[in-house]
Amino acid sequence: MQNLLHNLNPEQLAAVTLPSQSALILAGAGSGKTRVLTTRIAWLIQTGQVSPAGIMAVTFTNKAAKEMLTRLSSMLPINTRGMWIGTFHGLCNRLLRTHYKDAALPQAFQILDSQDQLSLIKRMLKAHNVDDEKYPAKALMYFINNAKEQGLRANRLEPNDPIERRMIELYELYEGQCQREGVVDFAELLLRSYELLARNGPLRHHYQMRFRHILVDEFQDTNDLQYNLLKLLAGHDEEGGGAIFAVGDDDQSIYAFRGANVGNMQAFEREFRVKNLIKLEQNYRSYGHILDSANYLIANNTKRLGKNLRTDAGQGEQVRVYEASSDLEEAQWIIEEAKSLTNEGVPRSEIAILYRSNAQSRVIEHALFAAGLPYTVYGGLRYFQRAEVKHAIAYLQLMDNPHNDSAFLRVVNFPTRGIGARSIEQLQMAADSYGISLYAAVPYMTGKAGSSLGNFVKLVESARFETQQLPLPELVRVVLERSGLLLHYQNEKEGADRIENLEQMVNAATQFVQEEGFGQGAPAHLGPPALPQAGEAIVNQDGIEILDADAPLANVMSPLSAFLTHASLEAGDAQAQAGQDALQLMTVHSAKGLEFDAVFITGLEEGLFPHESSARELDGVDEERRLMYVAITRARKRLYMSFTQQRMLHGQTRFNMKSRFFDELPEESLKWLSPRVQTNWFAGRKQTTAWDDAAFRDGSDNKIAQQITQKSGNGSGWRVGETVAHAKFGEGVIVNIEGGAGAARAQINFGSAGMKVLDLSIAKLERVGR
DNA sequence: GTCCAATCCTTTTTT
DNA sequence: AGGATTGGAC
């Protein structure tokens, strides 16, 4: 115990040792949030207040869940298996697998990822001759997910207009289709679990009695359905429920765009009558100037619970700000700074380059590649999402649940086996008219189409038969062969990588079988044992005994089903081998939860960061500001910020003003880097276009700039890309200049004041020097 | 059934 | 610009 609690600061200690009541911990960035969560669990168990089985801890990412498990097992000499620690989706999956009958699901139900979900919707729209101009698949998907996240089924939605009426009908059709195929989407995992518990009193009561302590990480990211699920589990409206220990940071809520509701924090405080609100404001990560910047910036947001980070680490270095002339030059500057950091002894893996959107990485990657600097880009295509891996998975899915139409269509003619669009269309019609799956409709087909489809079915059947007794990794290997996938990619000229990815799957299966505790040689198809290990019996509505879902997955599903679930729920990090010494490139979103010695925040321009689309959304800029807050607080020792006068985006050159966020940072914490001497990077570059001219004039080399203005110049005395100030419109950036000397007019982007065309001989403009 | 050219679309991302 | 998707030609 002494060990457990020592080294905690007073607030952390208070949080860890709170009595068994619901509590809200406002944990600022770098304040030891994960430490508090895990120590709390360990303390509860060690002091005998709860058994491991009485603990449920929920996170949003698999990474966070794993981290928690690792830390816990280093603190306590206990088996973590009895505890429910995982993501919302992972835990719901476990619940539904155990109680699949009560949830009205087939035992081998499969999980659709977003890709599969979209393709199912597209297929459905086509089958019902829906005008996809009027009802785009993506819009419908958004509509459905949104409804589910609010806990609403189609029959509970009220249409406001004919379009919505149709959407609701389509939502209903979609649900029917999923049910027929035996598949569930991500939102469905949660909604089904919610409904299962809401409907089934004895079951709900059982879990309420079991989970005395529910701990929730990143509470600010919960959506309404997740919050309601928690309320149900904690028995909020009922007698004797458990306690929820919620940890979150309203300032780091950056997922509103996908349904997260920060309001859940206030709602939780109110509805659970939280007496224990503890703020963790001591930061152990960053130096003073960095924290001051973060605090100043976030103070511009109104609706906050209020929190200010502090540190004992001293002020440290100022934040370095750099204005580049173009995105290319920005990238070049980053490279030089990164090189000198490396020379100072900072490992490359401790240097992060952050950007608002993925599209920005290309320019930087290009420059890094040219400079020969090793780098890793986060957030690329994940392993289980690669086309060839999805194909192999589809074969496995068909073997486990042949009624999964998405899987069927993905591979029925891949590798090609002479089954064309025509045959598929006929099959589709047959399936629709009988109301059965494509696979089940194959026997109704006649003629040539019938025989080739029949052969495909035979292939799947025989693969299943042949692998009946094989353990999972062996099964995967056989399927790779029998499906013809390996052969197909062997004949393709760019296929080597794909083959490697496919063979990797055998390893993934081996590792999976070991980690999940399936018997080493257990046949992959074998269902769960008839008598699962000890678990309390529960009597359901119909008086039938069911089992508690505390058994390992091995007891509720076959190795194959479990592996497929794993593939959908944990798409697999693309950069599992990212350990090498490389610069870390990622979006600000994916940087959440990470920290680095040195951080570059790039592209700090109006329209990019804050992103232009945020202006249209309610509280959109506030969310962008929180995003910026997250970015700043990633840095331990050194922070860089950069912006550029011009940038290529979607094939067009844009001239942006520097981000408004610069005006919200404390001046004394910023160090505006003096313009550097021009490097010979520019040498030899053609100067034919206005863009190139502008690229030369970053203010760092005024002589050259003036010369060029005079030579090529429009004689107006102003140049494109320059920042100017106007008495009425404020600061703006010159986007274009038309006409010659004396009659020049400039198109100027005044940001919030809009785009204006001003006559340069009349308008009173001032240069804004930085 | 396959291949290539025209067309579309582009915020952030996890499960 | 670039990639993913779709439609038409063979």
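By convention in this document, chain letters (A, B, ...) are assigned in the order of the sequence lines, proteins followed by strands, and residues within each chain are numbered from 1.
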Report all side-chain donor-acceptor pairs from residues 446-453 of chain A shorter than 3.5 Å, counting only partners two or more places apart or in another chain.
from: A:Ser451; atom 1: OG; to: A:Lys448; atom 2: O; distance (Å): 3.0
from: A:Ser452; atom 1: OG; to: A:Lys448; atom 2: O; distance (Å): 3.2
from: A:Ser452; atom 1: OG; to: A:Ala449; atom 2: O; distance (Å): 3.2

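Take A:Glu218 and apply the salt bridge (charged side-chain N to carboxylate O under 4.0 Å, His left out) test, not counting sequence neighbours, and it matches A:Lys33, A:Lys592. By the salt bridge (charged side-chain N to carboxylate O under 4.0 Å, His left out) test, A:Glu188 is found to be paired with A:Lys148, A:Arg153, A:Arg192, residues two or more places apart in sequence or in another chain being considered. Take A:Asp327 and apply the salt bridge (charged side-chain N to carboxylate O under 4.0 Å, His left out) test, not counting sequence neighbours, and it matches no residue. The salt bridge (charged side-chain N to carboxylate O under 4.0 Å, His left out) search around A:Arg647 returns A:Glu330, A:Glu605, not counting sequence neighbours. With sequence neighbours excluded, the residues that form a side chain to side chain contact (heavy atoms under 4.5 Å, CB included) with A:Phe257 are A:Tyr255, A:His589, A:Glu623. The ring-ring contact (aromatic ring centres under 6.0 Å, His included) check on A:His611 picks up nothing, with sequence neighbours excluded.
Across the protein-nucleic acid pair, A:Arg647 atom CZ and C:dA1 atom P stand 16 Å apart, rounded to whole Å. Per the geometry, CD1 belonging to A:Ile419 stands 16 Å off C1' belonging to B:dT2, to the nearest Å.
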Base versus backbone protein contacts along nucleotides 6-15 of chain B [heavy-atom cut-off under 4.0 Å; B, S, -]: ----BBBBBB

Protein proximity profile, nucleotides 4-10 of chain C - base contact B, sugar-phosphate-only contact S, no contact -, cut-off 4.0 Å on heavy atoms: -------

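Across all strands, A:Asn413 comes closer than 4.0 Å only to sugar-phosphate atoms, never to a base (heavy-atom distances).
Checked against the 6.0 Å centroid criterion, the rings of A:Phe643 and A:Phe609 do not qualify as a close aromatic pair.
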